[in-house]
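Worksheet: one structure, shown below.
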Amino acid sequence: MSTTTTTPDDLLRQYQGQIVPRSFNAGFVTLSYIISLIGAAATLELMNRRTSRNGYFNHFLLVSSSITMGGIAIWCMHYIGNRAIELGDGQLELQISYSAGFTALSFFIPIMVLLLAFVAAGINTVSWYRISGGGSLAGGAICGMHYLGNASIANYTCVYSTPNVVGSVLIAMAASTAALSLFFLFRASWTGSWWKRGICAVVLAGAVSGMHWCASTGTQYRLIRLSAGTSPLSRNTTVIVVICLSVGASLTLAATAIWTAHVMRKTATKAQQIVLAAAIFDRAGRILVTPDGLLPSEKVTDTYIERTHDDMFNVANPLFHWMFRVSRNWAGVSSMIGNMAGHLAELPRNKRDSRARLIDENGRLIDDYDVVFRELFCLAAQGLADKTREQLANVGILWDEILPTGALAPRPESPVAKDRPKSANEKSSEDDVEKGEGWRSRHECSRGSLMFLVRRLERSRDVEKLEAAGYRFADVSQVSHIIGSSMQIKAQNIDSKLVDMAAFAEEKAMMEPGVHLGFFSVKARVGGGFDILARRGARNLLPTVQISEDPLELRQLSLIRQLDGLSIGTLHAKLNESKRVSPELSVFASKFSKSVEALRALVKNPIIFDEATLTSKVVHVPCKAPFGSSAANYCTLVSLKVVIPIHINVLSPHCDLMPLSFFKVQQLVYKDSPQHIDFARSIHRELAPIVNARGPQISSPSSKRNRPMSSSTKRKFFGSRRRPLSDHAVDANGNSMPTKTRSKSSAGSIHSISTLKLWSKTESERRPDDDLSDRSYAPKTDSQEPSTLGGILVSQEITVIREVERAEAQSVQSNGNGRSLRDSTNKQLPPDPSVMEMQPVPRQDQEIHAGLTLGSATIECQKNSEAVSFVDDLFAVCVGHRHGV
């Protein structure tokens, strides 16, 4: 039949009321699947970032994923697929045209159904019942849209084949359920990746396309009337809408990929810096992560500037000790965050990147560098609080370990230290591991450091609040590899460390009430300082074994004094002898002897344990308080003591060495500790004068320690009071604490490594806390006026009252040469804080670095303003008696 003689009237007479023959255009068939695949992929990417049923952002993701699935993967695919259907011989008058009403309705109906489907499928948990329901609804949305779209055909009546209709429904539901099942399985197990989500998208797009073509091959078209005009407007309009929606879906996929790449690059950059991360756990022990499996984190600073060879940023660093304590006293700095940010904004800036300049071109350190570092830490914590929708006071406590991150490389040499002989501290980190010094095993060569603020959520609404903010909670085992690889953590067993953080967040690592036998062992470090053997799972506790749940009686105390200085072998013999001589002490002696053996099994290092001797110095240790009580409670500790030779390797499955100075700090931060108030006051004394003053300037040899403040600044800070104020840090008693380095030599420009050397001494005996011994403390005078800093009034009367109360407490507790362990009410008394670590407390006008020397290690006594604990008592007995002090 000649097409040239065929007119519209001829076509109408030929096909009206008849089935018009059809064929399929392969190009449009392929294009329809590609459009469906784009929509399905965008849907799964949006669903992957949905974390909760609550929250505006999650609602936005839910609606967006429904639109991309219903509007693009289904609706666009349908109308592009229908463009592949060619009726007759391709005459325009015979092609399909649509009515506007049903076409618009077919767009919104599947979106509404898919909203219900995605809600039914759930978010973070895998439930076959929910996934089956969601898959069935999704399959119904696909089928419903197809037949509703066919109902919008204005010029044909569709004739359906029943087997094809049934087959298309089964294909849609089965493939949708399979795609959603795979997606949620990958997502719940945190094994999802872009290519796995791509497979799910292929299956989901196959559900749409498979249903469509199964139904289309069984559909015939009976002509009602011809299309109006020679170029149907409805078909072109539909194509334009399809193109716009498809481009929008493509842009969504591109934006998601770009954002993910940006986050990963930023995380990789942080691995070379000093970073503070949030480790938040729910009651089930699951950890809070972003949809990408990362921990919320904030950069503290690009690098830590070393001032001596041993001045590394690790748990032995005094700055870490301060941060460890301030994380238990956030209320003391929360009101100063704004001033800290203003103070840091006044720092000199680099011209190249506008970052704060902490050293000049000659390597001289700015004044108050320690204070600046503390401010950076506090601002990073505030940033984490903002990210997790929390107040700073509840952001969490600092974990007692620093993890090395970034690339491993030899520590760079400063120009000053290149030609000097290598010290023992510069050997391979494997030597530290063999000696049990795991706390500094990799910081010699790691480029970054990662600290953690840990917190445990007890209320379900807190969990829901964070999920609504865009976070997810996942099992530690599922995301530990993601956290370790993305943050480039070099420590092994990341999952076990995360589990330790979860236990640490509970703050339950305290001894039980009663009498305990402990193992107090210290070891000198090459270069200065001491390490102490602590429990591996609870590094704030000594290896201990409970002897009795009852308080220590006087006759039992008398027996302990008789055993003073005895070795392990002699101790057992004396205890067996005591059983025969004193029947009333038989039970206690038997328990004591069993406790010694149990402690041996805990330490599991006979070379060290057999060298220990018993000390009659009985101390009091904070322990768990009775349920519902907030008052401090104390248990009694009897100790075996030993000084481990420096060449002995400390290998124990249950114990590990850690810095003695940090171990002491941990004794001051337990829950409801009375030391929190004193530390909060010291925070204001140290930081308030500086953060309210003008920004620090680059140090120079001729610069003065104290720079006068402007009169307006004085009036603003002190009101009508007039008194000089230093813009340097001060200690708890108000004495000046300058932080400028004493070195005059340069160390070059800032490197990318997380620690930068600025030391000038060439001898290897420089200790990590030399900066403390180099500081001069101005003695107080009686004429000094009380100062008001941060709204806290501090006067000499407080000091006098404390000293009187301390003396009265000592007089009540003292009993002959020992200390009474119970008062008249039969209650245990707190520890006596009168004994310092190595020697009597110095007067305020004495230098703080007076002490004894053990080999190359200098042992300094504590400044009288610092709080003392049982560690000072036992350390004085352990090391002092050994060397005749």
Side-chain angles (χ1 to χ4, degrees), residues 510-522 532-535 540-579 582 584-603 608-624 633-643 655 663 667 813-822 827-832 835 869-882:
M510 297 188 71
M511 298 172 64
E512 299 289 340
V515 183
H516 297 258
L517 177 65
F519 188 68
F520 190 88
S521 56
V522 296
I532 187 172
L533 195 67
R535 295 187 189 179
N540 63 315
L541 299 179
L542 293 172
T544 58
V545 173
Q546 189 177 40
I547 300 177
S548 173
E549 297 180 357
D550 301 321
L552 195 63
E553 300 177 357
L554 291 179
R555 57 183 178 179
Q556 297 170 348
L557 178 61
S558 177
L559 174 62
I560 292 174
R561 289 174 180 167
Q562 297 174 15
L563 303 176
D564 184 37
L566 297 183
S567 62
I568 300 298
T570 309
L571 182 62
H572 281 296
K574 286 290 185 180
L575 288 174
N576 292 331
E577 181 180 343
S578 300
K579 296 178 186 178
S582 178
E584 60 273 14
L585 291 177
S586 177
V587 176
F588 179 77
S590 177
K591 290 182 178 179
F592 200 108
S593 182
K594 292 179 180 178
S595 299
V596 172
E597 293 305 312
L599 191 59
R600 178 196 295 272
L602 179 63
V603 175
I608 298 174
F609 191 84
D610 291 341
E611 293 295 324
T613 59
L614 183 71
T615 174
S616 60
K617 183 68 175 181
V618 178
V619 295
H620 299 276
V621 181
C623 67
K624 295 180 180 178
N633 196 32
Y634 297 89
C635 63
T636 304
L637 180 65
V638 183
S639 302
L640 296 169
K641 60 180 179 67
V642 64
V643 176
C655 305
F663 183 79
Q667 312 311 312
Q813 297 176 32
S814 61
N815 182 13
N817 296 329
R819 179 187 301 164
S820 176
L821 304 180
R822 292 182 294 172
K827 293 182 179 180
Q828 292 181 336
L829 298 175
D832 179 6
V835 181
S869 65
F870 75 94
V871 181
D872 300 284
D873 294 345
L874 294 179
F875 185 81
V877 172
C878 184
V879 180
H881 286 183
R882 177 182 177 92

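Please read all numbers here as calculations on a predicted model, not as lab measurements.
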Check: For K624, does the NZ atom sit with more than 12 other heavy atoms under 6.0 Å from it, leaving out its own atoms?
Finding: yes
Note to self: I'd like to know whether S521 forms a side chain to side chain contact (heavy atoms under 4.5 Å, CB included) with I532, so could you lay out the CA-CA distance, the side-chain angles of the two residues, the decisive distance to 0.1 Å, and finally the verdict.
What the structure shows: CA-CA 6 Å; S521 56; I532 187 172; 5.6 Å; no
Checklist line | Check: F519 and I608 side chains under 4.5 Å, non-hydrogen atoms | finding: yes
Margin query: Main chain of L554, side chain of S558: is a donor-acceptor contact present, judged purely on distance under 3.5 Å?
Written below: no
Check: Once you round to the nearest 0.5 Å, how far does OG of S548 lie from NE2 of H516?
Finding: 9.5 Å
Next item on the list: Would you check if L637 and F520 make a side-chain contact, meaning some heavy-atom pair closer than 4.5 Å?
Entry: no
Notebook entry, point to check: For V596 and F609, which heavy atoms make the closest approach, and how far apart are they?
Noted result: O-CZ, 3.5 Å
Checklist line | Check against side chain to side chain contact (heavy atoms under 4.5 Å, CB included), F870 and H620 | finding: CA-CA 7 Å; F870 75 94; H620 299 276; over 6 Å; no
Next item on the list: Could you walk me through whether V638 and K617 pass side chain to side chain contact (heavy atoms under 4.5 Å, CB included), step by step?
Entry: CA-CA 7 Å; V638 183; K617 183 68 175 181; over 6 Å; no
Next item on the list: Flag the pair L614 / I568 as yes when at least one side-chain heavy-atom distance between them is below 4.5 Å, and no otherwise.
Entry: no
Next item on the list: First locate atom OG1 of T544, then atom CZ of R535, and finally report the distance between them rounded to the nearest 0.5 Å.
Entry: 3.5 Å
Notebook entry, point to check: Has the side chain of S595 got a donor or acceptor atom that lies under 3.5 Å from a matching backbone atom of K591?
Noted result: yes
Item checked: Pairwise distance CG(L542) to OG(S639) - rounded to 0.5 angstrom -> 6.5 Å
Notebook entry, point to check: Does a donor on one side chain sit under 3.5 Å from an acceptor on the other, for S567 and T570?
Noted result: yes
Item checked: Residues E597, K594: salt bridge by 4.0 Å N-O rule -> no
Margin query: My understanding is that only one of V871, V642, V879 makes a side chain to side chain contact (heavy atoms under 4.5 Å, CB included) with V522; could you say which?
Written below: V879
Next item on the list: Please determine which of V515, V618, L585, I547 meets the side chain to side chain contact (heavy atoms under 4.5 Å, CB included) test together with Q556.
Entry: L585
Item checked: 4.5 Å side-chain heavy-atom contact, P543 and L599 -> yes
Check: Under 4.5 Å between any side-chain heavy atoms of M510 and V621, yes or no?
Finding: no
Notebook entry, point to check: Is there a donor-acceptor pair closer than 3.5 Å between any side-chain N or O of D564 and the backbone N or O of S616?
Noted result: yes
Check: Of all heavy-atom pairs between C623 and P513, which one has the smallest distance, and what is that distance?
Finding: SG-CA, 3.9 Å
Notebook entry, point to check: Is there a side chain to side chain contact (heavy atoms under 4.5 Å, CB included) between I560 and F588 once you walk through the steps?
Noted result: CA-CA 11 Å; I560 292 174; F588 179 77; 4.3 Å; yes
Margin query: What's the separation between atom CZ in F875 and atom OG in S869, rounded to the nearest 0.5 Å?
Written below: 12.0 Å
Next item on the list: Rounded to the nearest 0.5 Å, what's the gap from OG1 on T613 to NZ on K641? Could you check?
Entry: 3.5 Å
Next item on the list: Kindly compute the distance separating CD (E512) from CD (Q546), expressed to the nearest 0.5 Å.
Entry: 6.5 Å
